[in-house]
Amino acid sequence: MYPTPSGPLTVLDSVDLDVPAGGYVALTGPSGAGKSTLLAVLGGLEAPQAGSVRVGDHDLRGIGGDGLAGYRRSTVGFVFQHFGLLETLTALENVELAGTLAGERASRRRARARELLDAVGVGERVGHRPLQLSGGERQRVAIARALVNRPQLVLADEPTGNLDEGSADAVVTLLESLPADHGCTLVIVTHNRTVAARARERVTLERGRVV
């Protein structure tokens with residue numbers, strides 16, 4: 001619920017969602033339906049004002065600010081439409097940075113970053129900065145970064161929104177492989193019907209409710 005000049009705005013209303021460990025769910029619905037807000041709550045970026053939110057063993061209603069930051073570092077990997085890469089860093093440094101923030105030793109985090117960049121198909125681009133990469137390559141780097149700390153949950157918000165059809169298909173195929181290859185649960189927000197149709201389960205939000 002957010003305050004507005006015309007009164008409180010309820011963005012999510014009595015949402016009941018159960019995603020099994022290792023699941024793959026696409027969240028769809030019109031703009032303003034609450035999809036990105038739900039992703040932000042699941043990711044610990046916004047605190048729920050009512051109800052309960054559990055991710056694995058974590059009850060997000062009972063975690064304070066520092067606890068939520070630790071939850072985000074250890075449990076969640078984020079993939080965004082606009083990639084979120086630092087332009088001054090190379091692909092390797094962008095991926096390695098997530099391990100740095102988690103306190104991983106330099107040698108281990110660099111090895112992990114190289115391993116993941118190889119796994120997502122851009123191992124030969126480790127020394128390139130984001131502006132030297134295609135959109136599809138940048139999103140692959142972003143996916144590698146999301147996996148650095150071995151998250152239980154990967155949240156992807158419109159991950160193909162800035163990609164051409166061919167790059168989008170390759171990125172979705174890569175995302176679809178994550179539950180099996182990395183033992184995580186995948187939740188994607190998308191307006192793309194083709195992307196949504198490929199998910200194991202589809203959930204539609206409308207005016208903050210599951211329909």
Side-chain angles (χ1 to χ4, degrees), residues 21-26 39 42-43 45 56 69-190 192 194-196 198-200:
Y24 167 24
V25 175
L39 226 61
L42 291 173
L45 297 172
Y71 162 78
R72 290 192 295 270
R73 284 195 303 269
S74 66
T75 306
V76 187
F78 296 94
V79 180
F80 302 104
Q81 178 177 348
H82 298 290
F83 316 125
L85 302 176
L86 297 179
E87 302 292 351
T88 57
L89 300 183
T90 65
L92 182 64
E93 291 166 340
N94 265 286
V95 176
E96 190 180 352
L97 181 60
T100 302
L101 296 175
E104 188 70 80
R105 291 203 317 268
S107 59
R108 292 187 62 179
R109 67 178 182 249
R110 177 145 295 199
R112 174 72 173 160
R114 287 185 178 278
E115 170 193 328
L116 288 169
L117 287 168
D118 282 337
V120 300
V122 288
E124 76 286 357
R125 309 286 272 172
V126 294
H128 290 69
R129 289 180 169 80
L131 292 179
Q132 299 171 308
L133 302 173
S134 68
E137 288 171 334
R138 277 179 275 178
Q139 196 61 293
R140 287 173 178 271
V141 173
I143 292 169
R145 180 190 56 193
L147 295 170
V148 161
N149 296 324
R150 297 174 174 82
Q152 297 177 33
L153 176 65
V154 172
L155 303 174
D157 195 354
E158 296 288 355
T160 63
N162 282 342
L163 304 179
D164 59 62
E165 185 176 349
S167 296
D169 182 72
V171 163
V172 173
T173 298
L174 175 59
L175 286 168
E176 289 173 340
S177 72
L178 299 186
D181 292 350
H182 296 274
C184 60
T185 301
L186 175 64
V187 179
I188 294 180
V189 162
T190 183
N192 187 313
T194 301
V195 172
R198 293 173 57 163
R200 297 176 196 161

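Values below: all heavy atoms of this structure, side chains included; hydrogens, waters and symmetry mates excluded.
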Compile the donor-acceptor pairs under 3.5 Å between side chains in residues 117-129 and protein atoms, sequence neighbours left out, one pair per line.
| unit_1 | atom_1 | unit_2 | atom_2 | d |
| --- | --- | --- | --- | --- |
| Arg125 | NE | Glu137 | OE2 | 3.4 |
| Arg125 | NH1 | His128 | NE2 | 3.2 |
| Arg125 | NH2 | Gln132 | O | 3.0 |
| Arg125 | NH2 | Glu137 | OE1 | 3.4 |
| Arg129 | NE | Thr88 | O | 3.0 |

Below 3.5 Å, can you tabulate the donor-acceptor pairs from side chains in residues 141-153 to any protein atom, sequence neighbours excluded?
| unit_1 | atom_1 | unit_2 | atom_2 | d |
| --- | --- | --- | --- | --- |
| Arg145 | NH1 | Gly84 | O | 2.7 |
| Arg145 | NH2 | Phe83 | O | 2.8 |
| Asn149 | ND2 | Arg73 | O | 3.3 |
| Asn149 | ND2 | Ala98 | O | 3.4 |

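- Residues satisfying the ring-ring contact (aromatic ring centres under 6.0 Å, His included) test with Tyr24, not counting sequence neighbours, are none.
- Not counting sequence neighbours, Glu158 has no partner by the salt bridge (charged side-chain N to carboxylate O under 4.0 Å, His left out) test.
- Under the salt bridge (charged side-chain N to carboxylate O under 4.0 Å, His left out) criterion, Arg108 pairs with Glu104, sequence neighbours left out.
- Heavy-atom minimum distance, Pro159 versus Val79: CB-CG1, 4.2 Å.
- Listed by first then second residue, pairs satisfying salt bridge (charged side-chain N to carboxylate O under 4.0 Å, His left out) with a partner in residues 83-94 number zero, not counting sequence neighbours.
- Arg110 is linked by a side chain to side chain donor-acceptor pair (under 3.5 Å) to Glu96, counting only residues two or more places apart in sequence or in another chain.
- A pairwise comparison of heavy atoms in Val171 and Gly136 identifies CG2-O, 4.2 Å as the closest pair.
- Residues satisfying the salt bridge (charged side-chain N to carboxylate O under 4.0 Å, His left out) test with Arg112, not counting sequence neighbours, are Glu115.
- Arg198 pairs in a side chain to side chain contact (heavy atoms under 4.5 Å, CB included) with only one of the listed residues (Asp169, Leu175, Asn192), which is Asp169.
- Residues passing the side-chain contact (heavy atoms from CB on, under 4.5 Å) test with Ala196 are Ala26, Thr28, Thr190, Arg202, sequence neighbours excluded.
- Between the side chain of Gln81 and the backbone N or O of Asp157 there is no donor-acceptor pair closer than 3.5 Å.
- The backbone N or O of Arg72 sits nowhere less than 3.5 Å from a side-chain atom of Thr75 that would complete a donor-acceptor pair.
- Listed for the Asn94 side chain is a donor-acceptor partner under 3.5 Å among the backbone atoms of Thr90.
- With Ser167 contributing its side chain and Leu163 its backbone, the two residues share no donor-acceptor pair below 3.5 Å.
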Pair up each side-chain donor or acceptor in residues 179-189 with any protein partner under 3.5 Å, not counting sequence neighbours, and list the distances.
| unit_1 | atom_1 | unit_2 | atom_2 | d |
| --- | --- | --- | --- | --- |
| Thr185 | OG1 | Gly22 | N | 2.8 |

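- Here Leu45 contributes atom CG and Phe78 contributes atom CZ; the two are 4.0 Å apart, rounded to the nearest 0.5 Å.
- Residues satisfying the side chain to side chain donor-acceptor pair (under 3.5 Å) criterion with Thr194, sequence neighbours excluded, are absent altogether.
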